[in-house]
Amino acid sequence: MCGPPGSDTFILVTETASLPTPRTATLPAPRSSGLPLAWWAPALTLAERLAAPGLPAAATDPATGSAPWDVGDGGGFALRLAHLAVDGATAAALAAETAERLAARAAKPHWAEYTEAALAAAPRAWTS
């Protein structure tokens with residue numbers, strides 16, 4: 001509240017009787033991430049897949065047709081594979097590997113643990 005006009009004074013008035021009784025807010029219980037166990041595995045890079053122990057076995061009989069990466073820049077990808085010393089059969093085996101098998105042989109990356117922790121700490125959506 002201000003003092004008389006021209007006085008440049010302020011008077012602090014605190015009247016608490018009309019304030020509501022303080023309550024403790026309750027947040028919804030945190031939830032588990034609800035993601036499949038191997039949700040993060042398909043996002044691993046080629047280098048991470050190659051570094052994980054137990055590379056998948058290359059197919060003994062080459063499949064007919066073109067490789068999955070031939071859709072785009074097949075030559076560029078072939079150079080990348082050569083730089084990593086990976087042949088086409090191993091690359092095809094890596095591409096065909098299931099997320100569950102890849103997750104079993106690779107360590108879960110820190111970003112996946114961070115994501116799961118954030119989702120576990122998030123409150124459930126409010127429903128009516």
Side-chain angles (χ1 to χ4, degrees):
M1 180 163 114
C2 295
S7 69
D8 293 333
T9 7
F10 293 95
I11 302 168
L12 181 60
V13 176
T14 307
E15 186 270 311
T16 59
S18 63
L19 293 175
T21 307
R23 297 183 318 169
T24 303
T26 57
L27 294 175
R31 62 184 171 95
S32 66
S33 64
L35 296 170
L37 293 177
W39 69 270
W40 51 270
L44 292 178
T45 65
L46 181 57
E48 289 168 323
R49 292 168 188 242
L50 291 170
L55 284 175
T60 55
D61 55 345
T64 58
S66 61
W69 50 86
D70 281 343
V71 174
D73 182 14
F77 195 72
L79 287 174
R80 174 73 175 139
L81 290 177
H83 181 271
L84 294 170
V86 176
D87 62 1
T90 302
L94 286 169
E97 187 174 24
T98 65
E100 291 76 19
R101 184 178 187 300
L102 180 56
R105 67 182 191 89
K108 184 183 291 186
H110 295 295
W111 61 262
E113 292 172 355
Y114 178 83
T115 302
E116 288 175 348
L119 289 173
R124 293 190 186 275
W126 295 101
T127 57
S128 339

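Every value quoted in this text rests on a predicted model; they were computed, and no experiment measured them.
The side-chain hydrogen bond (donor to acceptor under 3.5 Å, both in side chains) check on Arg80 picks up nothing, with sequence neighbours excluded. Residues passing the side-chain hydrogen bond (donor to acceptor under 3.5 Å, both in side chains) test with Glu100: none are found, sequence neighbours excluded.
Proximity of Thr115 to Trp40: side-chain heavy atoms (C-beta onward) are nowhere separated by under 4.5 Å.
Put simply, CG on Leu84 and OG1 on Thr90 are 11.5 Å apart, with the number rounded to the nearest 0.5 Å. Atom CG of Leu50 and atom CG of Leu55 lie 6.0 Å apart (nearest 0.5 Å).
Counting all heavy atoms, side chain and backbone alike, Trp39 lies closest to Ala112 at CZ2-O, 3.7 Å. Taking both residues in full, the closest heavy atoms of Leu102 and Ala41 are given as CD2-O, 3.3 Å, listed atom of the first, atom of the second, then distance. Of all non-hydrogen atoms in Val86 and Ala91, the two that sit nearest each other are CG1-N, 3.8 Å.
At a threshold of 4.0 Å, the pair Glu97-Arg49 does not count as salt-bridged, since none of the basic side-chain nitrogens sits closer than that to a carboxylate oxygen.
The number of heavy atoms from other shown groups lying within 6.0 Å of CG (Leu37) does not exceed 12.
A continuous path of Ile, Leu, Val, Met, Phe, Trp and Tyr side chains, each step under 4.5 Å between heavy atoms, connects Trp111 with Leu35, placing both in one hydrophobic cluster.
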